[in-house]
There are 2 protein chains.
Amino acid sequence: MRNFIPALASTAAALFAGHAEAVAANPLPKPANITWGTAGAFSVGTLSLKAPDHDVLQDGFARATEAFSELNWIPQATEAPARKFEAFPTPTGTASKAKRQYGNYTGSLTSVNVQIADTRAALQHGVDESYTLEIAPGSSSIEITAETVYGALHAFTTLQQIVINDGSNKLIVEAPVSIQDAPLYPVRGIMVDSGRNFISKKKMFEQIDGMALSKLNVLHWHMVDAQSWPLEIKAYPQMTEDAYSPNEVYTHATISAIVKYAAARGIRILPEVDMPGHANSGWKQVDRGMMACIDSWWSNDNWATHTAVEPNPGQLDILNNKTYEVTGKVYKELAGLFPDSWFHIGGDELHMNCYNFSTAISSFFASGKTMGDLVQHWVDTAIPNFRAQANKTLVMWEDVVISPDAAASGLVPKDVVLQAWNNGLENIYNLTRDGYRVIVSSADFMYLDCGYGGWVSNDPRYNVQTNPNKTDGTPNFNYGAGGGSWCAPYKTWQRIYDYDFTQGLSAAQKQLVQGAIAPLWSEQVDDTVISGKMWPRAAALAELVWSGNRDATGAKRTTELTQRILNFREYLVASGVGAAPLMPKFCLQNPHECDLFLDQAALHTA
Amino acid sequence: MRNFIPALASTAAALFAGHAEAVAANPLPKPANITWGTAGAFSVGTLSLKAPDHDVLQDGFARATEAFSELNWIPQATEAPARKFEAFPTPTGTASKAKRQYGNYTGSLTSVNVQIADTRAALQHGVDESYTLEIAPGSSSIEITAETVYGALHAFTTLQQIVINDGSNKLIVEAPVSIQDAPLYPVRGIMVDSGRNFISKKKMFEQIDGMALSKLNVLHWHMVDAQSWPLEIKAYPQMTEDAYSPNEVYTHATISAIVKYAAARGIRILPEVDMPGHANSGWKQVDRGMMACIDSWWSNDNWATHTAVEPNPGQLDILNNKTYEVTGKVYKELAGLFPDSWFHIGGDELHMNCYNFSTAISSFFASGKTMGDLVQHWVDTAIPNFRAQANKTLVMWEDVVISPDAAASGLVPKDVVLQAWNNGLENIYNLTRDGYRVIVSSADFMYLDCGYGGWVSNDPRYNVQTNPNKTDGTPNFNYGAGGGSWCAPYKTWQRIYDYDFTQGLSAAQKQLVQGAIAPLWSEQVDDTVISGKMWPRAAALAELVWSGNRDATGAKRTTELTQRILNFREYLVASGVGAAPLMPKFCLQNPHECDLFLDQAALHTA
């Protein structure tokens with residue numbers, strides 16, 4: 001019978017070459033500093049907690065201890081060097097595997113001591129998330145220190161991942177360990193889009209569970225879009241007439257429940273109401289007069305005059321005073337509902353063609369003004385209006401500053417945080433050069449929806465029976481290219497993790513990079529598939545922004561991440577997060593046998 | 001409050017232009033002939049069944065009636081012309097929607113009469129699946145005729161989809177209807193791969209449920225592969241030591257349960273054991289001596305000498321007599337376990353480099369023999385050996401006849417059915433020209449796993465920070481191209497449905513095309529995501545092979561399929577099949593507003 005205990009070559013420890021440890025536990029994201037001792041394993045008993053009195057702490061500890069007790073986790077993918085292979089073409093060697101053995105236990109862990117410097121720190125941008133975790137040889141206690149309860153939550157998550165099943169259903173920590181850990185960036189997140197398709201509270205919770213396990217801390221919630229308005233607004237109750245159904249609405253109570261669930265796990269919710277573009281549903285129930293082009297045909301069967309990048313079209317009329325009254329009230333109500341001091345007001349993908357349907361704006365253009373002038377008017381009017389309602393840090397998509405239709409005078413306040421999504425490194429460079437704080441969401445690396453093909457119907461481009469470029473192999477719509485996905489190819493975990501998003505920046509520019517958020521646009525996502533499209537790829541991002549993608553020597557450690565993320569995917573599934581498999585399970589059980597190069601440094605020299 | 005009853009433009013009926021009906025029900029696949037009357041709707045009461053005594057019939061009827069009673073289905077996407085849009089750029093019109101109203105009921109349905117010509121017909125290739133279903137004006141009965149119980153099952157499935165909720169929780173059939181229906185092809189299927197990752201019995205059942213609802217009838221089960229052997233073989237019990245775990249094994253009892261579940265729904269199981277390539281797990285537990293290259297490094301860090309297309313490598317040694325003894329016994333045992341008269345013996349992707357690791361084959365090559373000679377030896381030895389164990393129709397991948405390593409003498413028996421997967425129309429043409437019966441599985445149109453990016457690790461090709469072809473836009477690995485997926489782009493439902501796979505064939509060649517099977521290779525698929533990757537795209541294939549992709553005028557009807565498949569996806573989810581969303585729900589609720597072209601004939605003239 002096959003040995004299902006994690007296998008390890010007997011000489012593995014000597015061969016780890018700095019990219020793995022001689023233990024099976026492999027927490028993700030990899031801590032900034034983790035040092036395992038050699039004094040042997042600890043058994044883990046019922047752990048008593050000694051910590052400051054704080055609900056977040058007590059609840060977080062209960063979740064962590066329940067997790068390792070209930071999962072009784074046997075690491076599913078453990079690190080080891082690739083086994084030996086016969087040379088080509090002459091046989092020279094054979095495979096070998098050895099069962100991992102834990103020696104005598106050097107201690108029995110029965111308590112956790114937590115010291116927090118500031119138990120009252122609020123969950124806001126920049127809150128200190130550092131922690132230390134120490135298990136000394138022979139000790140019966142786990143010592144945790146943190147500046148805030150949110151750092152301590154991360155310590156519990158790490159603890160949860162290093163308490164494992166020794167293969168005989170005994171919970172252990174494999175060795176004495178010393179961890180000093182803190183994130184590289186204060187903004188580490190994913191984006192959920194509930195405007196294109198509804199995402200239930202249950203599935204929102206599931207995403208939050210995955211985030212907590214991977215130490216992500218910002219859930220960017222793109223709540224509404226042109227297609228639907230699932231958001232209760234008490235000031236304008238008619239807006240939810242553009243929800244897909246009465247059951248597909250986030251009430252204030254639902255939102256508060258999601259905010260609370262996230263906060264208990266150290267996760268901020270960054271709400272977005274996309275304005276003045278991507279606007280149709282909801283708004284039009286308040287006043288059709290403040291809308292442009294909502295009865296236009298989006299593509300116009302002629303791309304030069306399309307009114308939106310996708311169905312259905314609609315934008316708020318920037319020259320209509322009603323627009324500011326309504327957006328202001330919506331913002332004010334939501335600003336009160338979401339405790340975070342940041343608020344995202346959208347600002348992407350405005351289309352000039354849409355405004356051909358506004359009489360006022362047509363006159364504005366006829367007077368010699370440009371689209372940039374119009375966008376500047378929005379910035380100059382809307383931002384002060386929002387600030388008057390509630391003084392929060394505003395986040396916007398980069399378009400308002402760095403697109404063909406950017407605000408003409410460039411007068412976007414420097415305290416607006418910009419989310420970069422186009423042109424990869426180039427836009428990050430330009431935005432930080434101009435002094436803006438930036439959240440990295442580069443589509444070429446981080447858009448989790450890419451590669452699925454287009455979703456619009458009546459599309460003749462698919463109706464091609466033979467490869468028109470068969471002779472020269474040039475990629476085209478249906479053969480070797482994007483197949484209708486504007487941002488193909490699919491972004492794999494390796495692609496995401498390999499992104500050096502501060503490459504080429506000065507020290508001052510690097511200081512302006514707040515972190516990264518991976519968006520999952522939901523034209524082809526709802527409850528059925530959201531977790532499989534989000535996870536475990538979001539975990540690759542999580543490690544990228546927590547402790548980076550390089551080892552102590554500065555070499556890129558993507559290959560080292562392999563077994564860690566394969567194990568973490570199984571851990572997510574066991575924890576109720578429906579993450580997709582990245583590889584055949586064979587790869588998980590046979591370390592590095594599914595690498596493209598046996599040369600483990602292939603990536604470093606690429 | 002929004003009207004959630006399906007909306008329809010009041011003048012819609014006059015505008016349907018042959019591609020839709022004035023009813024909300026829209027069964028998928030579209031029947032060959034369906035004519036709705038104008039005499040008004042029928043209420044549906046408790047239906048009594050009058051039919052021959054046959055378990056398949058009684059059970060199928062119970063499933064259908066339970067389905068419409070429990071789902072109480074309100075069609076989620078109904079057909080209608082796109083609404084009116086304002087011209088660009090001058091406003092000229094407005095939108096209008098009208099609520100669908102059903103008039104007085106013309107009858108109340110209380111019974112179903114089923115007449116079957118041959119109740120003893122076996123579920124085998126070519127079994128008659130035709131049926132008629134009639135509901136006459138004023139009638140209280142539904143009249144079904146079929147040649148076999150399997151045709152009657154399809155009638156029940158159609159019935160299940162036309163009995164709908166009128167919006168006030170009353171079950172109705174919207175109008176008198178007359179259906180004469182039969183499939184275009186006898187082989188209509190999907191392929192599940194349980195060799196790369198395990199698929200549980202529960203998820204196999206779920207795929208079968210989706211198949212029954214879409215009138216697919218062949219489940220091609222790629223049971224094993226190099227990565228794992230999840231298949232109990234009593235002759236060689238040690239083979240399941242290469243299952244991923246003891247819980248990830250299909251016992252004889254499990255297999256029989258799956259066969260039975262499928263048969264009750266009119267679905268054949270076509271089992272595949274892939275030989276002599278894609279062979280490692282399982283076989284090597286019997287005799288490592290009959291294996292080649294299982295201890296080689298698959299890519300050799302040098303593609304010219306790779307031993308397999310993906311990890312892990314391994315092939316049966318064609319010149320070792322033990323190979324025939326073992327493959328014969330495995331075949332014999334499985335041939336008895338699966339009642340279908342067809343059996344798939346694989347035969348794809350043999351790699352010559354792998355055989356450099358076989359002493360016997362190296363000598364064979366040294367004597368001047370070719371890879372084609374070796375493959376011919378396999379064909380000449382293995383096929384008679386299998387036939388001696390159990391005389392079934394053998395199915396093989398096309399490679400044995402139409403690849404660089406095809407059997408040298410071309411002596412593959414003409415009664416072997418070949419599954420075409422490369423080069424689209426070209427290989428279908430060549431194989432049928434040579435007289436082979438063909439199952440269409442063209443990768444460019446039907447591989448459901450395409451477009452997800454590569455899965456092998458330690459892959460330096462992702463480690464690229466800026467687009468090397470930014471200037472000229474040429475697609476490359478990470479920008480605008482496949483991103484590691486060998487068969488990118490992702491195959492959308494439109495791409496699948498648009499495939500005219502008999503284009504260019506003579507009448508005689510067309511007769512040889514048995515149908516089509518859409519494969520879902522499972523390197524990145526397991527229970528968590530299988531249903532979302534399979535469905536509803538497999539339903540586009542289902543209609544393609546049931547009633548084709550053209551309307552009565554010969555025009556391609558992909559655009560007509562839009563609302564039908566959007567509704568069907570919701571129906572799948574409601575029926576417990578976790579199908580993925582194809583579009584924002586907005587598109588479902590607003591017919592054709594998510595088309596690329598408002599011109600509904602755009603596809604015809606492409």
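What's counted below: heavy atoms across the whole structure, side chains too, no hydrogens, waters or symmetry copies. Sequence lines set the chain letters: A, B, ... in the order given, protein chains first and strands last, and positions in each chain run from 1.
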Does any heavy atom of chain A fall under 4.5 Å from the side chain of [X], the backbone, both, or neither of them?
| X | result |
| --- | --- |
| A579(B) | backbone |
| V525(B) | backbone |
| T307(B) | side chain |
| C487(B) | neither |
| W486(B) | neither |
| T558(B) | neither |
| N353(B) | both |
| W298(B) | side chain |
| E426(B) | side chain |
| L598(B) | both |
| N300(B) | side chain |
| R569(B) | side chain |
| L588(B) | neither |
| E523(B) | both |

Student check: side-chain heavy atoms of P311(A) and V456(A) closer than 4.5 Å: yes
Would you say the side chain of Q600(A) lies within less than 4.5 Å of the side chain of D595(A), judging by non-hydrogen atoms?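 Counting from C-beta outward, D595(A) and Q600(A) do come under 4.5 Å.
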Using heavy-atom distances under 4.5 Å, tell me whether [X] contacts chain B through its side chain, its backbone, both, or neither.
| X | value |
| --- | --- |
| C587(A) | side chain |
| Q465(A) | both |
| T492(A) | side chain |

Among the listed options [options], the residue most often paired with chain B at heavy-atom distances under 4.5 Å:
| options | value |
| --- | --- |
| N423(A), D301(A), D225(A) | D301(A) |
| D500(A), D444(A), T562(A) | D500(A) |
| D498(A), L566(A), V573(A) | D498(A) |
| K491(A), E310(A), E248(A), Q238(A) | E248(A) |
| Q494(A), Q285(A), K533(A), R196(A) | Q494(A) |
| G483(A), P584(A), G454(A), G532(A) | P584(A) |

Compute both the distance and the angle, then confirm whether R495(A) meets the cation-pi test with Y479(B): under 6.0 Å from the six-membered ring centre, within 45 degrees of the axis.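 Flagged: R495(A) positioned over aromatic ring of Y479(B).
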Atom pair [atom1]/[atom2] of [X] and [Y] - distance to nearest 0.5 Å:
| X | Y | atom1 | atom2 | answer |
| --- | --- | --- | --- | --- |
| M583(A) | Q589(A) | CE | CD | 13.5 Å |
| N590(B) | K585(B) | CG | NZ | 12.5 Å |
| N197(B) | D526(B) | CG | CG | 5.0 Å |

As an exercise: rank [options] by heavy-atom pairs under 4.5 Å with chain A and give me the winner.
| options | answer |
| --- | --- |
| L582(B), N478(B), L425(B) | N478(B) |
| W297(B), F597(B), F477(B) | W297(B) |
| P581(B), G484(B), G195(B) | P581(B) |

Taking the six-membered ring for Trp, are Y490(A) and Y452(B) parallel (under 30°), tilted (30 to 60°) or perpendicular (over 60°)?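 It falls in the tilted class, 30° to 60°.
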Tell me whether the rings of F501(B) and Y499(B) are parallel (<30°), tilted (30 to 60°) or perpendicular (>60°).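 Perpendicular, since the angle between the ring planes exceeds 60°.
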Centroid-centroid distance, Y244(A) to F586(B), less than 6.0 Å: no
Begin with the C-alpha distance, continue with both residues' side-chain angles, and end with the deciding distance and a verdict on side chain to side chain contact (heavy atoms under 4.5 Å, CB included) for N312(A) and Q227(A). CA-CA 6 Å; N312(A) 50 339; Q227(A) 290 87 351; 3.6 Å; yes
Would you mind checking if R83(B) and D295(A) are paired as a salt bridge, meaning a charged N to carboxylate O distance below 4.0 Å?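 The answer is yes: the pair qualifies as a salt bridge.
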Applying side chain to side chain donor-acceptor pair (under 3.5 Å), name anything that partners Y497(B), two or more places apart in sequence or on another chain.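 Listed in chain order: E543(B), R557(B).
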Stepwise side chain to side chain contact (heavy atoms under 4.5 Å, CB included) check, I530(B) with S522(B): CA-CA 8 Å; I530(B) 185 171; S522(B) 295; 5.5 Å; no
Mind running side chain to side chain contact (heavy atoms under 4.5 Å, CB included) on I294(A) and F357(A) for me, showing each step along the way? CA-CA 9 Å; I294(A) 59 174; F357(A) 289 84; over 6 Å; no
More than 12 heavy atoms from other groups under 6.0 Å of CZ on F198(A): yes
